[in-house]
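Values reported hereafter were calculated over all heavy atoms of this structure, with side chains retained and with hydrogens, waters and symmetry mates removed. Worth saying up front: this structure is predicted, and the values here are computed from it rather than measured. Proteins get letters first, then strands, A, B, ... in listed order; numbering begins at 1 in each.
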Amino acid sequence: MAHSFRFLDDIAVADLAFKAEGDSVAELFRAATEALLETLAETSTVAVTWERTIEHASGELDELLFEWLSDLVYWKDAAGVVFHDADLSVIHDGATWMLAAVLRGAPVDQATQTLHHDVKGVTKHLYEVKQQGMHWYAQVVVDV
Amino acid sequence: MKLNTDMRVNRVTDEVWEIPVTEKAGMLVPARIYATPSILKTMDRGVFDQVTNVACLPGIARYALCMPDGHWGYGFPIGGVAAFDTESGIISPGGVGYDVNCGMRLIRTDLTRDDVHPKLDRLMTELFRRVPAGVGAAGFIRLNRDSFAGVMTRGARWCIEEGYGWHRDLAHIEEGGCIAGADPSTVSDHAVGRGINQLGTLGSGNHYLEVQVVSSDRVFDPETATALGITGQDQIVVMVHCGSRGFGHQVAGDYLKVFEKAMRRYGISVKDQQLACAPFRSPEGQDYFSAMNCAANTAFANRQVITHQIREAFATVFGPSAEELGMEVVYDVAHNIAKVERYPEGELLVHRKGSTRAFGPGSPDLPWDFQKTGQPVICGGSMETGSYLLVGTDRAVNETFGSTMHGAGRTMSRAQAKKSIRGEQLQQEMKRRGILVKAVSLSGLAEEAGVAYKDISDVVETVDRAGITKKVAELHPIGNIKG
């Protein structure tokens, strides 16, 4: 199983954009999650002292990813944390996509963590989630 | 002239260009762009596409406008201005900007460069300590839901009541720092959860706190400058650029979802999902307007608490008190907002997104001491080049719904800037040039390098020549704090 992401140069002049891909839906979600976590902070510099279990369900896969990424931004502000990683699974049950995740991180600490952007929100500008052959792709623009 | 559009763009004057309604199906009014030919040539395709999309929205009056600092944005372009009939028109979070009431504040001092230079390092350290910036930074004020509701409804007034500022500050804030019609019941728990710990924080991205110098040779209108408290003579001033932080963005995101469904119900179709809107008089439109006003008040309060912290920092370093240092608020102005204003067409909801209100002399909305000068307009440039203080004009009220530019405007993407510039190196180079920078994120610093922005002087010259704002003074940075 494999996934990857890369930041895009010319999609959003004043903000940041990334393209994520994976060879399954779950791997796509992992790639997009890593991209957003790295946008916030260098994850290797963030300890694991905070944890939150998150579940979401949606009839639309793109909405599920949007809600999940928006959750990361919410917890960053509401709990004052940045993240080390997220252990997640995505399953398709009939007409519903379901995500279960454990989000891990630590309170913001400018002395020990390498911090990047204070993402204000995930946007739907040029947002897409699509399958091509055996691969899943997502393009996401985040407002910084 | 080669432009980044296939649409026909007609010259009206050397600073005003018009795209006629024939250039895109559904345009209800022409689009007008304020730019010199050289700025127009550098404008990205998004400006032309988006300003003409805005021209298709129901109830739009006169023109869809874009200022010379315009560039691509979500739905509306940054630098966009559009006014809608309050009975037949719409309200759109994409026209306000997601960072509701992102804005600028300028604080004057009686200090000079000679006073500050020997203690600049200590001053910037003190400011960096007192004004939290960057990812997840929390403010020093602990709020519960009731007190946060007070912030949402009373804005900067709440701060004054709590001792964070002087009562006379309010007269020098747009709307007195408190917009009526802000009902916290229209705000989601998610938005409250994101905003409750962020009062008095700067954020990151292009937000900053800057210590600046006004030299006498960069004062263009001495009489107006004096009336605004600007003396020149290497005077020190402080500029703050920030908004409603995660709170305002959550309000926008919440209502984009509401409006996506509402548009189907009201039979509204838009050319871009980020233009999601609702009739202004609909329950959904009124709820968003109320929630947006809660976010706008929170942004006024945010800049007020930051002002309090700036005054404390200056008093600590230079003593004896901020009052004795002459640290009055010159003005505080929103550049992401929608407001009901009266024009010859009637009552209009003016959306300004990356655009500043610029009312001229004699406006009943201005306090007595700006009746002769017109409204102060504060425009931030890049952290390397400088910023401007201007004043509004009657011509702006007549031509652009009392609106003008807000800043320099980006030309290079963040990703490109980060590839070509190293934050640490930039910080050292700026120090050599006499600009001391304290930044939470060095990669974020690289993205804000001067080369990533238009030359603000070109942008300012455009609005000055067009007559929609008049230059008062240029402000040169010597210290900058970034998230």
Side-chain angles (χ1 to χ4, degrees), chain A residues 6-19 36-42 45-46 50 62-63 66-67 69-83 105-111 113-128 141-144, chain B residues 44 46 71-75 78 94 97-99 132-138 190-198 201-207 243-250 252-253 256 260 272-274 276 354 409-416 418-419 440-444 447 452 483:
Chain A
R6 65 187 169 89
F7 290 101
L8 305 174
D9 277 357
D10 294 313
I11 295 287
V13 172
D15 292 310
L16 288 170
F18 60 80
K19 187 160 262 185
L36 185 51
L37 299 195
E38 287 292 341
T39 304
L40 296 170
E42 205 168 300
T45 67
V46 181
W50 178 92
D62 56 349
E63 283 301 320
F66 189 85
E67 289 300 322
L69 296 177
S70 298
D71 257 358
L72 303 180
V73 176
Y74 170 77
W75 284 112
K76 178 261 301 174
D77 284 343
V81 295
V82 282
F83 309 106
V108 168
D109 181 352
Q110 293 181 2
Q113 297 156 350
T114 303
L115 301 170
H116 297 314
H117 297 89
D118 196 3
V119 174
K120 290 184 282 191
V122 181
T123 79
K124 288 195 172 170
H125 178 72
L126 300 175
Y127 176 69
E128 63 174 358
V141 177
V142 295
D143 189 347
V144 298
Chain B
D44 59 78
H71 60 81
W72 167 91
Y74 299 113
I78 307 296
Y98 297 164
D99 187 356
V135 184
H190 250 52
V192 172
R194 288 186 67 183
I196 202 164
N197 294 321
Q198 294 190 327
T201 64
L202 208 52
S204 70
N206 64 350
H207 297 141
S244 52
R245 310 273 287 106
F247 177 68
H249 208 291
Q250 190 66 43
L256 280 172
E260 279 172 22
D272 176 348
Q273 202 174 357
Q274 305 280 322
R410 284 192 82 93
T411 54
M412 185 189 285
S413 74
R414 292 185 176 279
Q416 281 176 308
K418 200 155 64 177
K419 278 181 185 170
V440 173
S441 164
L442 286 173
S443 61
E447 294 170 16

B:His190 portion near chain A, given a 4.5 angstrom heavy-atom threshold: both
Please classify the contact of B:Ala252 with chain A as side chain, backbone, both or neither, using a heavy-atom distance under 4.5 Å. neither
For chain B, which of A:Asp9, A:Val141, A:Val122, A:Val108 has the most heavy-atom pairs under 4.5 Å? A:Asp9
Which one, A:Gly121, A:Ala41, A:Pro107, leads in non-hydrogen pairs under 4.5 Å with chain B? A:Gly121
Under a 4.5 Å heavy-atom cutoff, which of [options] has the most pairs with chain A?
options                                : value
B:Gly205, B:Gly134, B:Gly203, B:Gly195 : B:Gly134
B:His207, B:Arg410, B:Gln274           : B:Gln274
B:Ser413, B:Gly444, B:Gly253           : B:Ser413

Checking heavy atoms, do the side chain of [X], its backbone, both or neither come under 4.5 Å from chain B?
X        : value
A:Leu8   : backbone
A:Asp109 : neither
A:Val144 : both
A:Val81  : neither

Side chains of [X] and [Y]: donor-acceptor distance under 3.5 Å anywhere?
X        : Y        : result
A:Tyr74  : A:Glu67  : no
B:Gln273 : A:His125 : no
A:Asp15  : B:Tyr74  : yes
A:Asp143 : B:His249 : yes

Quick one: pull up [atom1] in [X] and [atom2] in [Y] and give me the separation to the nearest 0.5 Å.
X        : Y        : atom1 : atom2 : answer
A:Phe7   : A:Glu38  : CZ    : CD    : 7.0 Å
B:Ser441 : A:His116 : OG    : NE2   : 6.5 Å
B:Arg414 : A:Thr39  : CZ    : OG1   : 12.0 Å

Residue pair B:Thr411 / B:His71, side-chain heavy-atom distance below 4.5 Å: no
